[in-house]
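Residue indices begin at 1 and follow the sequence shown. One-based numbering, in listed order, for ligands and for the atoms of each. Nothing here was measured: the structure is a model prediction, and the numbers come from that model.
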Amino acid sequence: MSLIFLGPPGAGKGTQAKILAQQGPIAHISTGDVLREAIAFQTPLGKEAQAYVVAGELVPDSLIMGMIRERLSEPDTKLGWILDGFPRNVSQARGLDQLLSILCQPHPQVVYFDVDSNILVKRLLKRGRQDDNEETIRRRLEVYQTETTPLIDFYQRRRCLISLDGNQSESEVTNSLHLALQCTVSA
Ligand code: ADP
């Protein structure tokens, strides 16, 4: 099973990816988590990414693509993976297409978490992560609107997009996700 979780910051992608990855042998790959860890350890990647993450801007595609290429070559991804926070623009989505064809892997299923923007801001402020101050949140939502929302159309055209109502409670979203995945597997 290979999945892309698409949706705005605060949509619940990470929460649901964790739950799903605990239930089977699939790797949860959160680009935000990888970047925050790299920043904490001040690795070369972390040093390059830091200013972008702090400002709520996208880290340059070349850095992210290198990171994903390495991560998808690791053995724990062999039985499946969930990409959480990637791709975030059309160029990354094209980069992923190329990478998957090199790795001889099929196209992933895309799950879109649809959430109202007033709910997003509330959730993000409550989360209180270091890059979750009001200004950064506002910028991340703007970047999402301009850079990431075109991917909804991009994947819808391929007919591989499932939309979920992410306004529901955590367990309701988990149930909807299970149902949606069951339907696609048996379809
Ligand atoms: P959220 O979805 O809550 O905004 P993430 O944890 O997914 O947070 O990402 C945090 C930050 O990491 C982003 O604001 C951005 O700076 C950087 N980042 C994560 N994924 C990518 C990506 N695919 N491309 C560019 N930058 C990224």
- Query: What is the closest protein heavy atom to atom 8 (O) of ligand 1, and at what distance does it sit?
  - Reply: Arg129 NH2, 3.4 Å

- Note on the structure: The atoms of ligand 1 lying under 4.0 Å from a heavy atom of Gln92, numbered in the order shown, are 22 (C), 23 (N), 24 (N), 25 (C)

- Item | Shared hydrophobic cluster, Ile82 / Ile4 (ILVMFWY, side-chain heavy atoms < 4.5 Å) | no

- Separation of Asp33 CG from Asp84 CG (nearest 0.5 Å): 7.0 Å

- Item | Heavy atom of the protein closest to atom 14 (O) of ligand 1 (residue, atom name, distance) | Arg140 CD, 2.8 Å

- So does Arg139 pair up with Glu57, basic N to acidic O under 4.0 Å? yes

- among protein heavy atoms, the one nearest atom 10 (C) of ligand 1 is Arg36 NH1, 3.5 Å

- Message: Other residues, nucleotides and ligands only: do more than 12 of their heavy atoms fall within 6.0 Å of CD on Glu70?
- Response: no

- Query: Short list, please: which atoms of ligand 1 are under 4.0 Å from a heavy atom of Pro9?
  - Reply: 1 (P), 2 (O), 3 (O), 4 (O)

- Option whose closest heavy atom lies nearest to atom 7 (O) of ligand 1, chosen from Arg88, Glu57, Lys13: Arg88

- Task: Using distance alone, determine whether Gly85 and ligand 1 share an N or O pair under 3.5 Å.
- Result: yes

- Task: Report the part of Ile64 (side chain from C-beta onward, or backbone N, CA, C, O) that has a heavy atom under 4.0 Å from ligand 1; answer both or neither where that applies.
- Result: side chain

- Message: Please determine whether a side-chain nitrogen of the Lys or Arg among Arg71 and Asp76 lies less than 4.0 Å from a carboxylate oxygen of the Asp or Glu.
- Response: yes

- Please answer: with hydrophobic residues joined when any side-chain heavy atoms are less than 4.5 Å apart, are Tyr144 and Val115 in the same cluster? no

- How long is the span from the OG atom in Ser91 to the CD atom in Glu147, to the nearest 0.5 Å? 9.0 Å

- Query: Do any N/O atoms on Gly10 end up under 3.5 angstrom from N/O atoms on ligand 1?
  - Reply: no

- Message: Please say yes or no: joined through hydrophobic side-chain contacts below 4.5 Å, possibly via intermediate residues, are Leu83 and Val173 part of one cluster?
- Response: no

- Filtering Val34, Leu35, Thr31, Asp131 for the heavy atom nearest atom 18 (N) of ligand 1 leaves Leu35

- Item | Which of the ligand 1 atoms, numbered from 1, are nearer than 4.0 Å to a heavy atom of Gly32 | 5 (P), 6 (O), 9 (O), 19 (C)

- Message: Just to confirm my output: which protein heavy-atom neighbour is closest to atom 26 (N) of ligand 1, and how far is it?
- Response: Val59 N, 3.0 Å

- Message: Hydrophobic clusters here meaning ILVMFWY residues chained together by side-chain heavy-atom distances under 4.5 Å, can you tell me if Ile152 and Tyr155 are in one?
- Response: yes

- Message: Looking at Gln98, I'd like to know if its CD atom is crowded, meaning that more than 12 non-hydrogen atoms belonging to other residues, nucleotides or ligands lie closer than 6.0 Å.
- Response: no

- Query: Is there at least one pair of N or O atoms, one from Ser30 and one from ligand 1, spaced under 3.5 Å apart?
  - Reply: no

- Item | For Arg127, atoms of ligand 1 separated by under 4.0 Å from a heavy atom | 3 (O)

- Item | Protein contact of atom 11 (C) of ligand 1 - nearest heavy atom, named by residue and atom, plus distance | Val53 CG1, 4.1 Å

